[in-house]
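Reading through the structure tokens given below for one structure.
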Protein chains: 2
Amino acid sequence: MQQESARRSNRDRTEATRADLIAAARKLFTEKSYAETGTPEIVTAAGVTRGALYHHFADKQALFAAVVEQEARAVALEIDRASPPSLDARDALIAGSDAYLAAMRVPGRTRLLLLDGPAVLGRAAMDAIDNRHGNRSLREGLVAAMRAQTMTRLPAQALTALLASAFDRAALAIEAGASAQDYRAVLMALIDGLSPAPPAA
Amino acid sequence: MQQESARRSNRDRTEATRADLIAAARKLFTEKSYAETGTPEIVTAAGVTRGALYHHFADKQALFAAVVEQEARAVALEIDRASPPSLDARDALIAGSDAYLAAMRVPGRTRLLLLDGPAVLGRAAMDAIDNRHGNRSLREGLVAAMRAQTMTRLPAQALTALLASAFDRAALAIEAGASAQDYRAVLMALIDGLSPAPPAA
DNA sequence: GGACATAACATACAGTCTGTATGTAAATCG
DNA sequence: CGATTTACATACAGACTGTATGTTATGTCC
């Protein structure tokens, strides 16, 4: 054995420390909130010191951004996995919608992505993250539906943002104890209302 | 003259000091953010000391809540003033929508009511404020439209929350520089889509 | 119309947090 | 194997929040 027990490359050390910090921060940021969580608590939970944190992240906000980014990626992954490209436009939208609502039931996600995220990072930064991950498939689905003539032609960016916002609020309401059926019904009515012709009775 | 120059009742003093604090806090909370604004700065701007602040408000968060409450009331007032009861259900909805988007263009309102508010006070507290002020007239308008058979029957609470959320996002996007026309068109399409029959061409 | 109580502040203090500066050991590189 | 850079740990300065305590103005009661 060359050293006491572990000889790790710098790349491995960085990766492990960053992952530990992000995991500990995610746990605390979701149990409480961004503002109520201090860096001393985070580094203790991660088993490192504040020096390590400020070596790998510019500041507390940058660590939070990393947590949010990871979470947004996870949500997008779950949605993509639930809506195979074999479905037609409308079915894909429905499947994606349900997958989104299911994904947002993972504890802490609404706080990270819908409450603290916009306040701490700003709406612009959150839009950038959303467009890179979650909203991308939604917008593509909407554009596909409009091309297939199953949806009224509307500005894609605006429609995506407003529908996404409605989904977000539904996720928040459901987590707060509201009827998931009610909110799902309204969401479907909103989507169906965008068809050029009323859905076949 | 009975005193040096001013003899004010306690009620007047309290009212004036609270108003000064709320005004100064509103200015700073909207110029920067809740987190970036310290109480020393607020009291300096208001011309009092931190002792006065903590005498009238339990903590910084309570002062923020007072600011948000005042702002929500102001928005609701503008909306009510713009949609007289003489209009029919759908026209009242349109008028209210436009009034809301116009009201949210007052600088700082989106940050107070849509970004920092939910993060600092929580969605539950914001829902309570919204239901007390803004969303009340929206829900009444929707219920009226459903009763008048000009709108599909849906769970009123859920529909109100989701439409309100879409309006909120539209206000944010417009403030960020997006096309107000695009967002308005999508909002109208969403509302019209809820009619049982397609609107007369 | 004075004594007493209470409200409206101002001042001082303790604890905590954030970001930075500095020091040290391990890894990488030539 | 020496030099340099990376990955941390420790120490420090400044700021902020909430509280405790002191002071002055107002309201109340006989």
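Order of the sequence lines fixes the chain letters, A, B, ..., with proteins taken first and strands second; residue numbering starts at 1 for each chain. Reckoned from all heavy atoms, side chains included, excluding hydrogens, waters and symmetry mates.
For A/Gln70, the side chain to side chain donor-acceptor pair (under 3.5 Å) criterion is met by no residue, not counting sequence neighbours. For B/Tyr54, there are no ring pair (Phe, Tyr, Trp, His ring centres under 6.0 Å) partners, not counting sequence neighbours. B/Tyr100 meets the ring pair (Phe, Tyr, Trp, His ring centres under 6.0 Å) test with no other residue; sequence neighbours excluded.
For DNA chain C, the neighbouring residues in residues 22-50 of chain B, judged by any heavy atom under 4.0 Å, are B/Val48, B/Thr49. Residues from residues 52-67 of chain B with heavy atoms under 4.0 angstrom of DNA chain D, sorted by number: B/Tyr54, B/Asp59, B/Lys60.
Heavy-atom neighbours of B/Arg105 CZ from other residues, nucleotides or ligands within 6.0 Å: at or below the threshold of 12.
Side-chain N or O atoms of B/Asn135 include none that pairs as donor or acceptor with a backbone N or O of B/Leu138 at under 3.5 Å. A donor-acceptor pair under 3.5 Å links the side-chain atoms of A/Thr37 to the main chain of A/Ser33, judged by distance alone.
Residue pairs satisfying the ring pair (Phe, Tyr, Trp, His ring centres under 6.0 Å) criterion with at least one member in residues 9-52 of chain B, sequence neighbours excluded, are listed as follows: B/Phe29-B/Tyr34, B/Phe29-B/Phe64, B/Tyr34-B/Phe64.
In this structure, OG1 in A/Thr39 is found 9.5 Å from CG in A/Leu63, a value given to the nearest 0.5 Å.
Considering only side-chain N and O atoms, A/Thr14 lies under 4.0 angstrom from the phosphate OP1 or OP2 of D/dA7.
A/Arg8 places its CZ atom 9 Å from the P atom of C/dA27, with the value rounded to the nearest Å. Spacing between atom CZ of B/Arg13 and atom C1' of C/dA10 amounts to 12 Å, rounded to whole angstrom units.
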